[in-house]
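The structure displayed is predicted, hence computed values, not measured ones. Numbering of ligands and ligand atoms starts at 1, following listing order. Numbering of residues begins at 1 and proceeds along the displayed sequence.
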Amino acid sequence: MAIGNNERAIELGSKVAYEIYIRSFNDSNGDGVGDLAGITARLDYLAELGVDYLWITPFFVSPLKDGGYDVADYCNIDPVFGTMDDFDELVREADKRGIGLMLDMVFNHTSDQHEWFQKALAGDPKYQAYYLLQDPEPGATADNPGKAPSNWDSKFGGSAWEFSPQMNKWYLHLYDVSQPDLNWRNPEVRSELAAVLRFWKEKGVKGFRFDVVNNISKPETFEDDFEGDGRRFYTDGEHVDEYLQLLSREGEIDGMMTVGEMSSTTIEHCIEYSKPENHELAMAFSFHHFRVDNVNGNRWAKAKANIPMLRETFRSWQEEMTAAGGWNAVFWTCHDQPRPSTRFGDDTTRESWERSAKMLPVCTFLLRGTPYIYQGEELGMTNPGFTSIDQYRDVESINYYHIMQDEQGLSEQEAFDIIAYKSRDNGRTPVQWDDSAYAGFSTVEPWIGVGGNYTWLNAKAEVADENSVFAFFKRLIALRKAEEIIQAGDVHFVESPAAQVIAYERTMGDTRMLVQCNFSGDEQPAVASEGGEVLISNYDEPGASGTLRPWEGTALIWRA
Ligand code: TEU
């Protein structure tokens with residue numbers, strides 16, 4: 001029997017969420033940028049896939065320096081994404097299909113174009129108290145501001161502090177220089193943000209995703225970090241639990257579908273954030289499984305995924321969160337990651353592409369948690385194969401392309417190869433709807449280029465093909481809804497018979513399920529087992545016993 005609250009596990013574990021990176025999903029008005037009406041136009045496709053929730057990335061007023069994660073007005077829609085009427089229409093049409101919307105709340109920082117920051121710049125002390133400002137050393141000038149308040153790095157490269165001559169103060173920005181961090185110690189900030197939640201809840205949204213929410217609680221003083229980039233001083237800070245409880249209470253979102261994006265977090269903290277008795281969040285996103293292809297801790301490197309490390313990451317998060325009543329969001333990618341069929345699978349031949357694009361969701365969809373699909377993943381979309389840095393748009397990727405050359409001594413080609421493998425723009429190319437111009441995403445040239453394989457890898461072809469990657473995702477979603485053991489069963493990782501194999505068991509009463517995935521193009525030994533019914537597999541025919549075929553993902557079940 002699963003430990004923890006079984007009813008809650010069935011509720012959260014029977015749901016599947018789908019992430020829409022709105023700029024790249026579907027363009028309805030021919031300006032090359034995806035929009036709200038474009039989502040409405042594709043709801044039947046999403047209903048056919050069978051998802052319950054759509055997490056839509058920010059579409060609020062924004063200068064779009066960071067794809068909308070730089071919000072200038074939390075309660076109004078940026079004209080490039082549509083109007084409030086378009087939004088209301090989307091809520092209504094989604095509701096008709098039993099689909100709920102989850103909005104993306106970027107509460108760690110605002111855009112520097114937000115009215116609050118503009119007033120702070122103009123010298124209004126009320127709004128200066130909304131941000132994390134520090135006085136400079138005496139005599140600071142624009143050209144010579146002196147030493148920053150601490151040596152912390154921005155996540156997008158460079159210092160996390162910027163000197164504003166207009167205010168004669170430094171401001172903290174953990175992300176881009178145009179994204180000043182909010183001061184959560186200020187109760188006025190907290191109540192403004194809770195009001196944003198109530199505003200959107202009243203408009204009919206069913207849930208929220210909170211951007212980097214475990215970074216909101218900063219220390220009172222800013223110490224230099226001589227061991228790292230500063231993150232140990234603000235990650236999972238002292239008051240995060242308290243602030244989440246406050247948002248839940250004052251934002252009136254307790255019991256809704258909520259998920260926090262937890263950057264560089266720990267299992268212990270995610271248990272607290274997601275266990276129901278704490279009234280914080282329904283579940284947590286953690287990213288440790290994306291470290292398996294870092295090199296010496298460096299994300300900007302090109303290496304194959306370390307599968308034993310991946311297995312250990314999944315094992316610890318699954319088993320330890322379950323034992324303590326926490327709840328995981330499970331996922332292979334999002335709008336900040338390259339495409340999993342390139343990264344964890346093998347897209348070098350059509351056969352290995354299809355096999356691995358189906359194996360990957362077998363591995364995650366049968367885990368304990370709530371699965372998230374990122375747009376295009378259900379088609380097996382790949383990295384686009386861009387050939388020049390000019391094709392990239394993302395601020396982080398472009399910054400690091402230069403940092404790798406200027407500070408780390410890589411050649412232009414080496415830096416480019418890493419970008420082409422790891423950049424988040426690899427996941428941001430337009431969804432490949434059909435084989436027409438611009439992959440049916442838009443009638444004009446999109447804001448970012450289309451992947452080279454759209455003529456055969458597209459939704460139109462896959463919806464019509466009962467053996468497609470899309471059809472396989474549909475089956476997995478239907479299976480999760482039909483089988484209580486997937487929703488709420490306990491989880492236990494079994495010893496891997498080979499380094500490239502990940503295997504785990506789910507149990508509920510006397511029913512047992514064994515999931516095995518081969519992360520390689522070679523045959524591998526299987527876990528010893530007898531009998532069992534094939535619940536799902538990416539191979540139609542049963543294989544030789546004791547062996548897993550290339551990229552095989554199979555689940556067996558023994559019913560009580
Ligand atoms: O990302 C959080 C985050 O930690 C990123 O730095 C992430 O590790 C990186 O983008 C991986 O390439 C969130 C959003 O998901 C991201 O899109 C935003 O840019 C960021 O916050 C700032 O709001």
- Query: Which residue owns the protein heavy atom closest to atom 12 (O) of ligand 1, what's the atom, and how far is it?
  - Reply: Glu396 OE1, 2.7 Å

For residues 194-201, run the donor-acceptor check on the side chains, cut-off 3.5 Å, and write out each pair with its distance to 0.1 Å, sequence neighbours left out.
| unit_1 | atom_1 | unit_2 | atom_2 | d |
| --- | --- | --- | --- | --- |
| Arg198 | NH1 | Glu250 | O | 2.6 |
| Trp200 | NE1 | Tyr74 | O | 2.9 |
| Lys201 | NZ | Glu252 | O | 2.7 |

- Run the salt bridge (charged side-chain N to carboxylate O under 4.0 Å, His left out) check on Arg232 and Glu223 step by step: do they pass? CA-CA 11 Å; Arg232 67 197 174 97; Glu223 272 175 67; over 6 Å; no

- Note on the structure: Out of Thr57, Val106, Asp336, Asp66, the nearest non-hydrogen contact to atom 18 (C) of ligand 1 is supplied by Asp66

- Of the side chain and backbone of Arg209, name the one, both, or neither that has a heavy atom under 4.0 Å from an atom of ligand 1. side chain

- Is there a protein heavy atom at a distance of less than 4.0 Å from atom 8 (O) of ligand 1? no

- Would you kindly say whether Glu192 and Tyr130 are connected by a side-chain donor-acceptor distance under 3.5 Å? yes

- Task: Answer yes or no: are there more than 12 heavy-atom neighbours, outside Glu412 itself, under 6.0 Å from its atom CD?
- Result: no

- Query: Of Gln113, Gln118, Lys119, which is the lone residue that meets side-chain hydrogen bond (donor to acceptor under 3.5 Å, both in side chains) with Glu115?
  - Reply: Lys119

- Message: Is the contact between Arg428 and ligand 1 made by the side chain, the backbone, both, or neither, using heavy atoms and a 4.0 Å cut-off?
- Response: side chain

- Query: Can you find a side-chain donor-acceptor pair between His279 and Asp254 that sits under 3.5 Å?
  - Reply: yes

- Quick one: does ligand 1 sit under 4.0 Å from the side chain of Phe287, the backbone, both or neither, non-hydrogen atoms only? neither

- Note on the structure: Looking at Asp211, Asn215, Val212, the heavy atom closest to atom 2 (C) of ligand 1 belongs to Val212

- Note: ligand 1 atoms sitting under 4.0 Å from heavy atoms of His109 are 22 (C), 23 (O)

- Item | Which residue and heavy atom of the protein sit nearest atom 11 (C) of ligand 1, plus the separation | Arg299 NH1, 3.3 Å

- Note on the structure: One finds that the ligand 1 atoms under 4.0 Å from a non-hydrogen atom of Phe156 are 6 (O), 19 (O)

- Please list all pairs passing the salt bridge (charged side-chain N to carboxylate O under 4.0 Å, His left out) test where one or both residues lie in residues 53-78, with sequence neighbours left out. Asp66-Arg424

- Query: Starting from atom 4 (O) of ligand 1, which protein heavy atom do you reach first, and at what distance in Å?
  - Reply: Tyr175 OH, 3.5 Å

- Message: Could you identify the single nearest non-hydrogen protein atom to atom 10 (O) of ligand 1 and state the distance to 0.1 Å?
- Response: Arg424 NH1, 2.8 Å

- If we ignore angles and hydrogens, is there a donor and acceptor under 3.5 Å between the side chains of Asn214 and Tyr234? no

